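Report on one structure; see the data block that follows.
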Amino acid sequence: MADMEETDPEWSEFGHDVQSVQQPSSSCEDERVRKKGRLKDDKNMLKDDKLCRVCGDKALGYNFNAITCESCKAFFRRNALKDQKTSCLFDGNCPIDVRTRRFCPHCRLKRCFDIGMKKDMILDETERRARMAKVLQNRQKRGSKQVFDIKSEPLEIDTEMPDQSSESFPSLSSSSLQPISSWAIPLSPTTKGIKPVEDLTLPTDPDLYRTLSTEDQAVMSELTEIYQSTLGEVITDKKVTDENGYENVNDLVNNSEIAVRRLISFVKKLNDFRLLCQADQIAALKACILNTLLLRSVTFYHVEKDAWITPTGVIPTSILKSATGFIELHDSHTKYCRSLKAVVKDDLHIMAMLQAIVIFNPDGQNIISRSTVSDIQDKYIILLKHYMESIWTFEYARDYYPFVLQKIAELKGLSEEHASVLLQVNPNKIEPLMLEVLNLK
DNA sequence: TTAGCCTTGATT
DNA sequence: AATCAAGGCTAA
């Protein structure tokens, strides 16, 4: 801090004062504020008086959507994302200034949000990796010499890694010679052969990840945005504990109407969808309804509770079993959700791309120009592959990518089984839209 | 954990 | 070229 003040042009104008104010923060701060006031009256320094809106310290500019000092910026970055368990020791309205700001993290963070700092401007895991990858890529471009030096050292696998893993996988201590992928990710019984990705075990070397092209990124974020605003929309606020509704299949089908409406608005926003002729638009839409419902159910499936959590309530799988009477069908459905969710987690990007792949299904009934549909589907398949390579490394993506595609293929069989169940519904009790869309009549 | 300083890609 | 606003690193 003292350093900054000495080099600050404002201070150089008051050289003799600087000497007398050599001590730490508290009184120094007062001095500074006083001087600021004076300087503001001076001619040229008007815009240079940015103060942190959180604590009043000197600010350099915007951080996460608000003018803050460096320390509050770092504070926000460190704390905004973790779910706030700590609370204020007092009344929740502690004064926050440059001296007191460290006393109550709760109130400091609260103030951060109050003055408009936005936590979604903090880069997430994926974005951070993309950023680092870009830096590295540029370095390689601009200097192949340094890269050489760095590349010759990094095999870190000596003492640290086995130690860390011995906690969770004690029995594998002898396998340190095997490639990382074979031990770092535990086998899961729910995903026969494919192991869920554990973020912590992913390599840190950016070389192993794909850097998404700006075009890929643009296409993907647009798609995800559309998906999120329609099909992916999740309401999480209410906790419905009473397992009401859903007495029978009719209710379930009618409830799906909401999802279908969302599918329609999703599709309407897709530029690629407009490339299809009218007839194919309808055919593609109809053909993917059940697939969409099933795919979407993965989002709502809660593994621990063995239930689907929807905006309208919790649906334990047991109810579905009795409702349909097809126990094995629901076992396979549940299993499907479990295995796909283990890999996809709650990644909206992946869900959005899978949804696109499901829509542009060249195999769909009554599609006329199948190759057009297939071309569009290819685009999203490749995009999905690239994305996986960018978040999981090329090596892991090689395994997960076919796995996920396989899951998409499995949708067909699964939805056909469900379709047979739908035959037993009573058309009189089904909403017109669903009748129309499911060809029930 | 804090907070200052540094490196960077993007934007102007 | 200068500025902005992210993340990283690291004494204290």
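Residue numbers begin at 1 in each chain, while the letters A, B, ... track the order of the sequences. Source: prediction; values computed, not measured.
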Set of residues satisfying side-chain hydrogen bond (donor to acceptor under 3.5 Å, both in side chains) with respect to A:T100, sequence neighbours excluded
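A:T100 satisfies side-chain hydrogen bond (donor to acceptor under 3.5 Å, both in side chains) with A:D97 only.
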Listed partners of A:T224 passing side-chain hydrogen bond (donor to acceptor under 3.5 Å, both in side chains), at least two apart:
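Result, side-chain hydrogen bond (donor to acceptor under 3.5 Å, both in side chains) vs A:T224: A:H349.
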Side chain of [X] only, heavy atoms from C-beta on: which candidate in [options] is closest?
X     : options             : answer
A:R77 : C:dA6, B:dT2, C:dG8 : C:dG8
A:S71 : B:dG4, C:dA6, B:dT1 : B:dG4
A:N63 : B:dT2, B:dT1, C:dA5 : C:dA5

Please state how far atom [atom1] in [X] lies from atom [atom2] in [N], giving the value in whole angstrom units.
X      : N     : atom1 : atom2 : value
A:L109 : B:dT2 : CG    : P     : 11 Å
A:F75  : B:dT2 : CZ    : P     : 6 Å
A:R78  : C:dC9 : CZ    : P     : 15 Å
A:N79  : B:dT2 : CG    : C1'   : 10 Å
A:R101 : B:dT1 : CZ    : C1'   : 13 Å
A:L81  : B:dT1 : CG    : P     : 14 Å
A:L60  : C:dC4 : CG    : P     : 9 Å
A:F76  : C:dG7 : CZ    : P     : 10 Å

Reading nucleotides 6-12 of chain B from 5' to 3' and marking B where a protein heavy atom lies under 4.0 Å of the base, S where only the sugar-phosphate is that close, and - otherwise, the string is BSBSS--
Exercise for review: Give the intermediate values and the outcome of salt bridge (charged side-chain N to carboxylate O under 4.0 Å, His left out) for residues A:E127 and A:R131.
Suggested key: CA-CA 6 Å; A:E127 295 167 312; A:R131 189 177 189 266; over 6 Å; no
Is there a side-chain contact between A:R128 and the phosphate of C:dA6, meaning an N or O under 4.0 Å from OP1 or OP2?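 No, A:R128 has no side-chain N/O under 4.0 Å of OP1/OP2 on C:dA6.
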Side chains of A:D216 and A:Y387: does their closest heavy-atom pair fall under 4.5 Å?
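In short, these two side chains do not touch, never coming nearer than 4.5 Å.
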Quiz item: Just wondering, do A:L231 and A:L295 contact through their side chains at under 4.5 Å, heavy atoms?
Solution: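 Result no, sub-4.5 Å side-chain heavy-atom pair not found.
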Quick check with a 6.0 Å cut-off and a 45 degree axis cone: is A:R101 positioned over the face of A:F75's six-membered ring?
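Verdict for A:F75: no cation-pi partner in A:R101.
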Worksheet entry | Parallel, tilted or perpendicular, as decided by the 30° and 60° cut-offs, for the rings of A:F113 and A:F76 |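 Geometry flag for A:F113 against A:F76: perpendicular rings.
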